[in-house]
Amino acid sequence: MTTSLVGGPALPQARRMVTDIPGPRSAELAARRSAALPAGLASAAGVYVAAAGGGVAVDVDGNSFIDLGSGIAVTTVGNSAPAVVERATAQLARYTHTCFLATPYEPYIEVAETLNRLTPGSHDKRTALFNTGSEAVENAVKYARAATGRSAVVVFDHAFHGRSLLTMTMTAKNQPYKHGFGPFAPEVYRAPMAYPYRWPSGPQHCAEEAFAHFAQLVDAQIGADAVACVVVEPIQGEGGFIVPADGFLRAVAEFCRERGILLVADEVQTGIARTGAWFACEHDGIVPDLITTAKGLAGGLPLAAVTGRADVMDAAHPGGIGGTYSGNPVACAAALGVFEEIESGRLVERARTIGEAMVTALEDIAAGTDVIGEIRGRGAMIAAELVVPGTREPNRDAVAAISRHCHLNGVLTLTAGTFGNVMRFLPPLSISDELLTEAFDVVRDGFASL
Ligand SMILES: *Cc1c(COP(=O)(O)O)cnc(C)c1O
């Protein structure tokens, strides 16, 4: 019965638990799943979705959860948002695929024009479209190598850039992303991230010392003239919503410019209004040479982009870039719906308001517990790093217990962090104030139940 539900904002906006979690239909699907799917595919929640929209997701047993994850920062405008559904549906009925490399079409160009306009910097830009975040990052490296004639790529501790061979190599964390999957791609170098909370000599020295390590790696160990690009998330996502110490990214950007090294901002998680700006690098006042986007770009349809300086993007020869499905017309139509939703709904501002409400709720929770080491993030991308009381030792168990409490009580949450000790909150920007408050009441009970 629930499988015929229509999603989107018309879905009743309430938390409602009608069965044990998981309910009987979800348990049935879990059994079918383990007989049909391999073990390497893991899911955070044990329930299966039937419909979603606004700020809720309804499972196949009729339980309605408040969504604080947005499918990992993807449904920023909400699931089945009206403009996305309308435009993608109309596009489905016109044509589903011709392959842009074979017979091109207008929606692709319109997405590119929009990203060229919205991304930081008034310079001449070009955009190429892909299917996934990994593919966008991988192609940004290809552009950087083609434009510079250099091969080395510099990334940071705690980085996540994807799961393909090159991007898995660029990703920092062994478990679960790399373990057993090597050998890895060559010419990837890693510098420390300016992670204030865990900087050995304290947050006040973090930007300067992290920059010194980075500069020494490039100049003394690799050789600046061998480095094609530095790839950095302006706020690290899977790494635990690490906001680099103020000034660090500006120093890196300046250093790269002086040496002809291209700066790639991986905004796959932070981009498209999530952080209370169209792009997170705006908060640091940096203008990257290339920007990758994906997650929030098309409201859940697979679409990714590299937007960058025209001279860099034009360095790759005709036919060197692309893919069968890259820039699929239905996904492009959905992206145009996302831009429309963000502009008409003033969602950049809404992300800021949601962020303030989440920080206030978490600070209030922190006053009554000693496991919150730090609250951080920007806009609707906020995290709490949990520690063993009185120390900075990562508290993975507390994260597991609170996540479980939330899932059993109708709130979908996600975790993150190299040490698995970060609760991250990424609500859709279509969530109501009431639901957000209610969700954090459940989170608060989770902390109280420790
Ligand atoms: C999710 C993510 C990726 C990978 O995107 P996929 O679509 O899963 O390939 C790359 N970079 C960042 C910053 C991400 O958050």
Side-chain angles (χ1 to χ4, degrees), residues 40-44 69-76 119 128-142 144 153-173 176-178 181 185 188 190 193 195 229-244 249 263-275 279-281 283-284 288 290-308 323 325-328 331 334-335 338 377-383 414-418 422 424-426:
L41 297 162
S43 301
S70 300
I72 318 188
V74 169
T75 51
T76 303
T119 47
L129 299 179
F130 303 96
N131 302 296
T132 67
S134 309
E135 243 190 305
V137 173
E138 186 125 6
N139 278 281
V141 171
K142 284 164 72 172
V153 176
V154 177
V155 292
F156 293 90
D157 286 343
H158 311 289
F160 183 86
H161 297 296
R163 295 173 181 267
S164 66
L165 178 56
L166 176 61
T167 59
M168 161 180 77
T169 306
M170 293 165 66
T171 290
K173 192 174 168 179
Y177 305 121
K178 304 169 83 160
F181 299 149
V188 175
R190 193 173 306 283
M193 167 47 68
Y195 182 175
C229 59
V230 170
V231 183
V232 64
E233 298 156 84
I235 299 173
Q236 291 185 312
E238 307 302 299
F241 291 10
I242 300 165
V243 183
L249 291 178
L263 182 64
V264 181
D266 181 354
E267 294 239 20
V268 166
Q269 189 155 164
T270 51
I272 320 292
R274 173 53 59 186
T275 68
F279 297 93
C281 54
H283 299 293
D284 290 279
L290 300 171
I291 295 187
T292 57
T293 48
K295 290 188 166 91
L297 179 58
L301 278 85
L303 191 69
V306 181
T307 302
Y325 295 111
S326 300
N328 168 273
V338 166
R378 291 193 208 273
M381 183 173 181
I382 299 293
L414 294 170
T415 63
T418 301
V422 176
R424 59 169 152 172
F425 304 103
L426 292 161

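Remember, it's 1-based here, ligands and their atoms both numbered in the order they're listed.
Taking CD from E238 and OG1 from T415, the interatomic distance works out to 9.0 Å, rounded to the nearest 0.5 Å.
I72 places a side-chain heavy atom less than 4.5 Å from the side chain of L414. Here the side chains of P288 and E267 are not in contact, with every heavy-atom distance at 4.5 Å or above. The shortest distance between side-chain heavy atoms of L249 and P234 falls below 4.5 Å.
In this structure, Y325 places its OH atom where only 12 or fewer heavy-atom neighbours from other residues, nucleotides or ligands lie under 6.0 Å away.
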* To do: Might you work through the side chain to side chain contact (heavy atoms under 4.5 Å, CB included) test for I272 and K295, ending with a clear yes or no?
  => CA-CA 8 Å; I272 320 292; K295 290 188 166 91; over 6 Å; no
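Every protein residue with a heavy atom nearer than 4.0 Å to ligand 1 is included here: T132, G133, S134, F160, H161, G162, E233, D266, V268, Q269, K295.
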